[in-house]
Amino acid sequence: MAIEIEFPDGSKATFPEGTTGLQVAESIGPRLAAAAVAAKIDGRLLDLTRPVTSGVFEVVTEATEEGRSVLRHSAAHVLAQAVLSLYEGAKFAIGPAIENGFYYDFDIGRPFTPEDLERIEEKMAEIVAADQPFVREEVDKSTALEIFADQPYKTEIIESVDESEVSGGDVVSLYRNNGFVDLCRGPHIPSTGRLKAFKLLRTAGAYWRGDEHRPQLQRIYGTAWESKKALEEYLHRLEEAERRDHRKLGPALDLFSFPSELGSGLAVWHPKGGLVRTLIENYSRETHADHGYQLVATPHVAKANLWETSGHLDFYADGMYPAMELDEHDRYYVKPMNCPFHVLIFRSSSRSYRELPLRLFELGTVYRYERSGVLHGLLRARGFTQDDSHIFCTRSQIGTELQSLLDFVLMVLRDFGFTEFEADLSTKNPDKWMGDPELWDEATDALRAALEAAGLDYTVAEGEAAFYGPKIDIHIKDAIGRRWQLSTIQLDFSLPERFDIEYTTSENTRARPVMIHRALFGSVERFFGILLEHYAGAFPMWLAPVQVEIVPVADRHLGYAGDVADRLQAAGLRVQIDETSETVGEKIRRALTAKTPAVLVVGDRDQEAKTVGLRLYEAEREERGVPVGDVVDRLTRLAQPPR
RNA sequence: GCCGGAGUAGCUCAGUGGUAGAGCAGCUCACUCGUAAUGAGCAGGUCCGGGGUUCGAAUCCCCGCUCCGGCUCCA
């Protein structure tokens with residue numbers, strides 16, 4: 001019986017039964033066949049070597065995300081094959097493709113060393129050179145259990161196969177190449193020779209099935225690409241990320257440091273970092289004040305009783321620093337969140353519907369006892385300052401409040417130079433929620449409507465919400481394409497109840513307000529770290545700690561340099577004169593190394609003509625003989641804050 | 001917290017049981033220079049901390065602290 005195939009462009013073709021995906025691709029063109037790594041029928045991925053069935057047929061090529069994922073998955077198999085052939089008695093667990101690469105988890109009774117990695121990579125190269133075909137096989141579970149009798153992790157996967165993704169029913173699929181066989185759903189590239197560019201990157205410990213109570217395996221991470229060029233580009237991106245690492249840039253630019261004397265995850269801010277941070281914080285306070293928020297302040301500690309009422313001691317105790325015992329009756333906790341304090345401000349007087357929405361804002365410094373292994377510079381610290389607000393509103397105000405809030409968030413993030421956003425909408429976890437189900441639905445709909453009104457791309461994270469309410473997380477894309485979660489908007493139906501807060505309605509009845517927790521930067525520290533990496537240390541001029549460095553050519557120009565500095569300072573710019581007795585080249589090098597946005601060189605000719613030499617960090621070349629008045633105007637414009 | 005790696009001058013690093021080193025940065029002096037490193041000199045160390053082995057420890061062993069890569073968790 002003939003097979004009828006429809007191509008993505010709508011055209012149709014008929015092939016004899018048993019035709020493989022590869023043969024179909026060849027019929028379209030030899031170049032397509034050479035780039036093909038898998039076939040897709042009605043959206044289902046299939047090995048190229050398998051016979052196709054009727055349906056919508058698509059060739060998956062190697063330079064697509066889907067194609068790379070097939071390559072990487074096959075690379076993981078070759079990795080496992082290499083490890084099993086090199087290490088007697090090695091156990092192998094799982095090895096999926098991941099973003100930018102792949103990994104495989106093993107147990108060889110000891111960790112891998114860098115030398116092991118080299119040996120394994122060589123072995124993998126041999127397997128690739130041998131161009132071994134991947135052969136798919138389907139067997140029933142009992143046969144599979146026999147094949148993997150000496151592989152406890154594979155055995156466990158086979159036994160749980162109903163829930164696993166390997167296959168359905170009693171049949172599991174295997175892939176063989178040479179003597180190596182692995183349990184796998186597929187698809188795979190036709191043969192190992194199609195792996196053109198791969199590299200093992202690092203090893204790390206990883207728990208079996210991600211559970212810290214189960215055995216720890218040794219994971220090998222690698223990357224694989226469709227070409228040597230793509231691999232090189234990826235490795236270059238990794239280097240670029242390393243170059244931008246805020247943990248290197250921060251101390252190098254004298255912004256902040258993490259003295260070990262303080263303890264893990266606790267930073268001190270040096271004058272330059274403190275200045276930038278203050279600029280960010282001032283922007284935040286002023287912008288909030290301009291958008292209907294009222295600024296409040298709350299202490300760093302509170303009695304155990306407060307945290308009992310709020311539920312933190314029940315649900316969040318692990319994340320809190322241990323109690324300070326003042327005497328046997330008074331236990332105080334350092335705050336891990338600001339919300340209970342803001343609730344108390346709400347409750348400090350009787351509230352009318354006329355006051356709602358009531359928006360309380362605070363740059364609130366909190367401390368969380370993060371597990372030592374998760375700390376990561378400013379991005380994950382133990383002490384940090386949230387740009388935290390709690391909005392108390394009526395149930396019917398939720399929708400409009402969320403819409404204006406989302407506009408506000410995007411405005412703020414754009415002000416800091418971010419242009420690409422995505423959101424996650426976390427919905428009710430059916431096993432873990434509290435409150436009124438109708439309120440949940442209403443609020444979730446309101447969040448969705450706000451996302452759509454803002455035109456934001458979002459994905460729904462089904463069941464990911466906290467027990468107390470649904471939320472939106474906003475991610476930005478940075479200068480090198482990395483995604484970072486910044487803002488979060490969370491609805492809370494729990495705290496108003498726990499603290500029993502109410503307002504008086506227009507009908508003179510009492511009603512419970514809804515709370516919205518929201519942070520735009522998330523934390524000032526984390527935001528600062530992300531900004532630093534986004535700009536690779538070269539802040540936009542309004543945030544640069546030193547905006548202008550003046551370089552006198554010789555000592556006799558110091559007086560004129562001072563005059564120019566005065567003019568710039570009077571215009572509100574942050575100026576510094578390099579008075580050291582270095583060469584002009586060296587002084588410029590220093591200023592540029594410090595990523596100063598503007599360098600002004602002044603010498604005899606400038607002093608004579610009342611001009612400066614202007615070199616902008618972003619510009620390729622300097623300009624000479626620019627009149628001082630012009631420089632003041634231009635730099636003032638460049639240094640203009642976003643609002 | 002767990003697994004692995006690391007910690008020597010402010011920074012980057014050399015030094016595998018026998019007198020602690022280099023480059024950069026810093027300071028002093030000379031040079032006064034037109035767009036990414038002028039030269040000379042000086043100073044700088046609890047070799048992460050504590051304990052042990054040894055005639056002798058930066059080096060070997062044990063415990064702890066901090067950092068890095070992951071797991072897990074998250075702003």
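In the text below, chain A, chain B and the rest are named by the order of the sequence lines, each starting its count at 1. For clarity, every value in this text was computed on a predicted model and none was experimentally measured.
- You'll find that the side chain of A:R589 is closest to B:A36, out of B:A36, B:G34, B:C3.
- Partners of A:H390 under the ring pair (Phe, Tyr, Trp, His ring centres under 6.0 Å) rule, at least two apart in sequence or in another chain, are A:H342, A:H517.
- Between A:W269 and A:F528, the ring planes are perpendicular. Angles over 60° get that label, and only those under 30° would be called parallel.
- Of the candidate nucleotides B:G1, B:G34, B:A36, B:A36 has the atom lying nearest to any side-chain atom of A:R615.
- Among B:G34, B:A75, B:A36, the nucleotide with an atom closest to any side-chain atom of A:I588 is B:A36.
- By the ring pair (Phe, Tyr, Trp, His ring centres under 6.0 Å) test, A:F418 is found to be paired with A:H534, residues two or more places apart in sequence or in another chain being considered.
- Contact annotation: A:R624 side-chain N/O to B:U35 OP1/OP2 distance is under 4.0 Å.
- As judged by a 4.0 angstrom heavy-atom cut-off over every strand, A:S523 is placed among the base-contacting residues.
- The cationic atom of A:R72 (NZ for Lys, CZ for Arg) lies less than 6.0 Å from the six-membered ring centre of A:W225 and within 45° of the ring axis.
- The aromatic ring of A:F521 does not sit over the base of B:A75, since the test of centres under 5.5 Å and planes under 30° is not met.
- The side chain of A:R556 contributes an N or O atom lying less than 4.0 Å from OP1 or OP2 of B:C33.
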Distances for protein N or O near nucleotides 67-70 of chain B N or O, under 3.5 Å:
unit_1, atom_1, unit_2, atom_2, d
B:C67, OP1, A:S264, OG, 3.4
B:C67, OP2, A:S264, OG, 2.5
B:C68, OP1, A:R247, NH1, 3.0
B:G69, OP1, A:R247, NH1, 3.4
B:G69, OP1, A:R247, NH2, 2.8
B:G69, OP2, A:R247, NH1, 3.1
B:G69, O2', A:R202, NE, 3.0
B:G70, O3', A:Y221, OH, 3.0
B:G70, N2, A:Q216, NE2, 3.2

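- A tilted orientation is assigned to the rings of A:Y535 and A:F539, their planes being inclined by 30° to 60°.
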Distances under 3.5 Å only, N/O to N/O: pair up the protein atoms with those of nucleotides 38-44 of chain B.
unit_1, atom_1, unit_2, atom_2, d
B:U38, OP1, A:T583, OG1, 3.4
B:U38, OP2, A:T583, OG1, 2.9

Which atoms of nucleotides 5-10 of chain B (N or O only) lie under 3.5 Å from a protein N or O atom, and what are those distances?
none

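- Less than 4.0 Å separates RNA chain B from no heavy atom of any residue of residues 460-469 of chain A.
- With distances taken from any side-chain atom of A:S260 to the nucleotides B:A75, B:U66, B:A37, the minimum falls on B:U66.
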